[in-house]
Amino acid sequence: MFRPMRERAASATLAFSFDGQPLTGRAGDTVAAALLANGIVACRETPVSGSPRAPYCLMGVCFECLVVIDGVGNRQGCLVPLAEGMRIETQHGRRQFGEDAA
Ligand code: FES
C-alpha cells in the first residue's frame, strides 16, 4: 500500500524496534513513514474504545500517529525523524504520567 516515491540508494539503513520486533528504516524517514514502509499500519489504540488507529495526514495535524518512543508517550510519529536504536511502541489509550506510568 505504501512505498517510497523514489529510491534513495544513498540513504543509510537504521535499525529500530516496534513492540519488540526488530525492523529497519531509512535515514531521513520519519517514524511514521518507517512504520508504514514496514507494513505496520496500527500504531495506537484510542482511549475510549481501544480501536486501532494509523497515521493519516503525515503532517502533524490529525494526531493519529501517536506512539511511545524510548519510553516517552504521545510522540507524533510523523514529526519525529527515525534514529538508530529507537524503541517504538504502540500507544495504548492515553499517555500515562507519574505514578500512573508504573
Ligand atoms: S499522521 Fe497526522 S499528526 Fe501524524
Side-chain angles (χ1 to χ4, degrees):
M1 180 173 180
F2 293 95
R3 62 179 172 77
M5 291 179 66
R6 60 183 159 89
E7 294 300 322
R8 284 184 284 163
S11 295
T13 299
L14 303 175
F16 68 101
S17 67
F18 180 71
D19 289 344
Q21 177 184 3
L23 299 171
T24 58
R26 299 179 314 169
D29 280 352
T30 64
V31 166
L35 292 175
L36 292 170
N38 278 279
I40 295 169
V41 294
C43 64
R44 75 175 186 100
E45 296 173 348
T46 63
V48 176
S49 69
S51 64
R53 308 300 289 184
Y56 182 67
C57 72
L58 299 174
M59 59 182 188
V61 176
C62 72
F63 288 77
E64 297 291 10
C65 61
L66 296 179
V67 288
V68 179
I69 299 176
D70 294 331
V72 179
N74 271 8
R75 303 289 312 274
Q76 285 179 273
C78 70
L79 299 181
V80 178
L82 185 68
E84 178 70 25
M86 270 185 168
R87 289 178 301 108
I88 304 164
E89 300 166 77
T90 298
Q91 180 160 319
H92 300 282
R94 67 180 175 86
R95 181 180 176 184
Q96 303 296 307
F97 291 98
E99 294 178 11
D100 289 347

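Formation of a donor-acceptor pair under 3.5 Å by the T46 side chain with backbone atoms of G50 is found in this model. Put simply, the side chain of E84 gets close to the backbone of A15: a donor and an acceptor are under 3.5 Å apart.
Contact check for M86 versus V31: side-chain heavy atoms found under the 4.5 Å cut-off. You'll find the side chain of L66 stays beyond 4.5 Å of the side chain of E64, heavy atoms only. Annotation: side chain of N38 is not in contact with side chain of Q21 (no heavy-atom distance under 4.5 Å). Residues L36 and L58 meet the side-chain proximity criterion, which asks for heavy atoms closer than 4.5 Å. D19 is not listed as a side-chain neighbour of I40, based on a closest heavy-atom distance of 4.5 Å or more. Looking at R44 and V67, their side chains never come closer than 4.5 Å, going by heavy atoms from C-beta outward. Side-chain atoms of L82 and F16, non-hydrogen and from C-beta on, do get closer than 4.5 Å to each other. In this structure, C65 and C78 have side chains that are in contact, with non-hydrogen atoms separated by less than 4.5 Å.
Clustering ILVMFWY residues whenever any of their side-chain heavy atoms sit less than 4.5 angstrom apart, transitively, puts L23 in the very cluster that holds I88.
Nearest heavy atoms, E45 versus H92: OE1-ND1, 2.9 Å. Here the closest heavy-atom approach between residue L79 and residue M59 is recorded as CD2-C, 4.2 Å. A pairwise comparison of heavy atoms in S17 and R87 identifies OG-CA, 3.6 Å as the closest pair. Across every non-hydrogen atom of C43 and L35, the tightest pair is CB-CD1, 4.3 Å.
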